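The structure under discussion appears below in the form of structure tokens.
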Amino acid sequence: MTETPPILERHGAIARLRLNRPALRNRLGADDLAVLLGHCATLAADDSVRVVVFEAAGPVFSAGFDLDALSRGDTGDAEDGPGGIGRVGTALAALPQPVIARLHGNLYGGAVDLALACDFRIGVTGMELLMPAARIGLHYYRSGLARAVERIGPDATRLLFVSAQTIDAATLLRIGYLTQLAAADGLDAAVDALAARLEANAPLAVRGMKAAIARLAAGTLDGESFAAGLDAAHRDPAFIEAMGALRAKKRGG
């Protein structure tokens, strides 16, 4: 398989964003991060995409940020860390479409944050996660820690980041890092089923509620923006049609 920067593919209304350096365990260099940011910008501007699947080629999901670059002193800034990897996590989290992380193998370091930035994380039995930052003396960047605390809470964040121990799949499901656990041979079916359910939902309601949930978690939701999102969803022809069908059914029932 040819090693390439991350790939963006479209399959109807579902986009697949794939890490594609399997021989390097999908380690993320500055060039890969720049490509991921570009793909996120493309997705954010494309209203025809309803669901994004974040996946990886090869046996390992991702080894995280390139340790060679890290050893040369690229620890990045306090907000977004080495290579600015936190900016990719923020861009993934901010996508208007729901994002499913297809976690078919182990993940390490900065990849822990990128998967956590997704809205749903479906893993496989036997997978493991390791956040080695504390073990090597690296202080993790603020945006990644904030994302973890918002999404899985401070106790689970301490387990992942402060203990620097390998965490198994069952524990990842228990602490909320994984939203679903599947057998390896059932992973694609689980991802496809969730993607199909999300694609079938009304896009304006999905986008509005996803944005509202993120702002509620961060404590930044204001009533005006919430009301605007609600109004947009309720003006959607799909919603008006559904309500008309419901009224017709009641009259006929």
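Note that the structure is a prediction, hence the values are computed from the model and not measured.
Two residues are said to be in side-chain contact when any heavy atoms from C-beta on lie closer than 4.5 Å; I175 and L160 meet this criterion. Between L129 and T166 the shortest side-chain heavy-atom distance does not fall below 4.5 Å. Between L107 and E128 there is no side-chain heavy-atom pair separated by less than 4.5 Å. Residues P98 and V206 form a side-chain contact, since some pair of their non-hydrogen atoms from C-beta on lies under 4.5 Å apart. Looking only at side-chain heavy atoms (C-beta outward), D66 and L28 stay at 4.5 Å or farther from each other. R147 has its side chain within reach of T90: a pair of non-hydrogen atoms, C-beta onward, lies under 4.5 Å apart. Residues L178 and L103 have side chains in contact (heavy-atom distance under 4.5 Å, counting atoms from C-beta outward).
Residues F161 and L138 fall within the same hydrophobic cluster, defined by Ile, Leu, Val, Met, Phe, Trp and Tyr side chains chained together at heavy-atom separations under 4.5 Å. Note: the hydrophobic cluster containing L173 also contains L116 (ILVMFWY, side chain heavy atoms under 4.5 Å, direct or indirect links). Transitive grouping of hydrophobic side chains (ILVMFWY, heavy atoms separated by less than 4.5 Å) brings L8 and V51 into a common cluster. Neither L24 nor F65 shares a network with the other; the hydrophobic side chains, linked directly or stepwise wherever heavy atoms of I, L, V, M, F, W or Y lie under 4.5 Å apart, form separate groups for each. Hydrophobic cluster membership is shared by I136 and I167, with clusters built from Ile, Leu, Val, Met, Phe, Trp and Tyr side chains linked at under 4.5 angstrom.
No side-chain donor from either of R87 and S143 sits under 3.5 Å from a side-chain acceptor of the other. At a cut-off of 3.5 Å, with distance as the only test, a side-chain donor of R10 or S48 sits close to an acceptor on the other residue. For Y141 and D113, the side-chain atoms include at least one donor-acceptor pair closer than 3.5 Å. Under the 3.5 Å distance criterion, with hydrogens and angles disregarded, a donor-acceptor pair is assigned to the side chains of D222 and S225.
In plain terms, the two heavy atoms of P5 and V35 that are nearest each other are CB-CG2, 3.9 Å. Nearest heavy-atom pair, R207 versus D47, reported as atom, atom and distance to 0.1 Å: NH1-OD1, 3.3 Å. Residues D236 and P203 share a closest heavy-atom pair of OD2-CD, 4.5 Å. Of all non-hydrogen atoms in A117 and R151, the two that sit nearest each other are O-NH1, 3.0 Å. Of all heavy-atom pairs spanning N20 and P22, the tightest one is C-CD, 3.3 Å. Here the closest heavy-atom approach between residue L95 and residue A44 is recorded as CD2-N, 3.8 Å.
Taking CD from E9 and CD1 from I14, the interatomic distance works out to 13.0 Å, rounded to the nearest 0.5 Å. Interatomic distance, CG of L187 versus CD of E55, reported as 9.5 Å (0.5 Å rounding). Between the CD1 atom of I7 and the CG atom of L17 there is a distance of 9.5 Å, given to the nearest 0.5 Å. A distance of 7.0 Å separates CG of L37 from CG of L33, quoted to the nearest 0.5 Å. Expressed to the nearest 0.5 Å, how far OG1 of T125 lies from CG of D185 amounts to 8.5 Å. Rounding to the nearest 0.5 Å gives a distance of 3.5 Å between OG1 of T171 and CG of D168.
Under a 3.5 Å cut-off, the side chain of Q97 and the backbone N or O of L43 do form a donor-acceptor pair. Here the side chain of T75 pairs no donor or acceptor atom with the backbone of P82 at under 3.5 angstrom. Side-chain atoms of T220 never come within 3.5 Å of backbone atoms of L216 as a donor-acceptor pair (strictly under, hydrogens ignored). In terms of modelled atom types and a separation under 3.5 Å, the side chain of N26 and the main chain of F61 share a donor-acceptor contact. Remark: the backbone N or O of V53 is not paired with any side-chain donor or acceptor of R16 at under 3.5 angstrom. Here the side chain of H104 pairs no donor or acceptor atom with the backbone of V124 at under 3.5 angstrom. Without hydrogens or angle criteria, K210 side chain to P96 main chain gives no donor-acceptor distance under 3.5 Å.
The only member of L19, D32, V60, L67 that meets side-chain contact (heavy atoms from CB on, under 4.5 Å) when paired with R27 is D32. The one candidate from E241, R235, M243 that meets the side-chain contact (heavy atoms from CB on, under 4.5 Å) condition with F239 is M243.
Evaluation of the side chain to side chain contact (heavy atoms under 4.5 Å, CB included) rule for L194 yields I100, F120, I122, R197, L198 as partners, not counting sequence neighbours.
In this structure, R25 forms a cation-pi arrangement with Y108, its terminal cationic atom sitting closer than 6.0 Å to the ring centre and no more than 45° off the ring axis. Taking the centre and axis of the six-membered ring of F226, the NZ or CZ atom of R215 falls outside the cone set by 45° and 6.0 Å.
The existence of a salt bridge linking E79 and R142 is confirmed by a sub-4.0 Å separation between a basic side-chain nitrogen and an acidic carboxylate oxygen. Under the 4.0 Å criterion applied to side-chain N and carboxylate O atoms, D188 and R102 are assigned as salt-bridge partners. No salt bridge links E3 with R21; every basic N to acidic carboxylate O contact stays at or beyond 4.0 Å. Ion pairing between a basic and an acidic side chain is recognised when a charged N comes within 4.0 Å of a carboxylate O; D68 and R72 show no such pairing.
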If you apply the rule side chain to side chain contact (heavy atoms under 4.5 Å, CB included), what do you find for V49 with T42, and how did you get there? CA-CA 10 Å; V49 173; T42 298; over 6 Å; no
Run the numbers on N106 and L130 for side chain to side chain contact (heavy atoms under 4.5 Å, CB included), then give the verdict. CA-CA 8 Å; N106 296 350; L130 174 62; over 6 Å; no
Working note: R121 + L172, criterion side chain to side chain contact (heavy atoms under 4.5 Å, CB included); need CA distance, chi angles, decisive distance, verdict. CA-CA 10 Å; R121 292 164 297 283; L172 293 171; over 6 Å; no
Apply side chain to side chain contact (heavy atoms under 4.5 Å, CB included) to L145 and H139, showing your working. CA-CA 10 Å; L145 289 175; H139 193 308; 4.3 Å; yes
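Other residues, nucleotides and ligands contribute more than 12 heavy atoms inside 6.0 Å of the NE2 atom of H234.
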